[in-house]
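So the structure is just underneath, and the comments pick up after that.
Just so you know, these numbers use all the heavy atoms, side chains as well, and skip hydrogens, waters and symmetry mates. Since we're looking at a predicted model, the values are computed, not measured.
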Amino acid sequence: MSFFMRHYQPWVGRLFEGDYRRLDQKGYNALRYHLKCGGEIPEDFELPSRRDRNRKWAEEVETTGVLVPPTGKAEVSYRDLERLAASMRRKIDRSKS
């Protein structure tokens, strides 16, 4: 965990699990092994899945009304809007069932 926090600290909260897996396959495998063996995660550690990140963003947009993508960029891309819409559709579908 200390290696991850040392090298990826600037991106914690902006990286999601798939990004880390693509950037550092060995590090990702070591992290998964650490968790599998009962290792603990620091409280400030955040490595959400893409779905979790989009769900959190949808909740923030719904609450605040401000459309700032989770990537932190000033402009919102069409792809970001598609992700937001898909996340909100899933939330509506879950509430209907």
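Using a 4.5 Å heavy-atom cutoff, the side chains of Y20 and L31 are in contact. Contact of the R21 side chain with the R32 side chain is not registered, since no non-hydrogen atoms from C-beta on lie closer than 4.5 Å.
In this structure, OH on Y28 lies 3.5 Å from CD on E17, to the nearest 0.5 angstrom.
Remark: R90 engages no residue in a salt bridge (Lys or Arg N to Asp or Glu O under 4.0 Å) (not counting sequence neighbours).
Judged purely by atom type and a 3.5 angstrom limit, H34 has no side-chain atom pairing as donor or acceptor with the backbone of N29.
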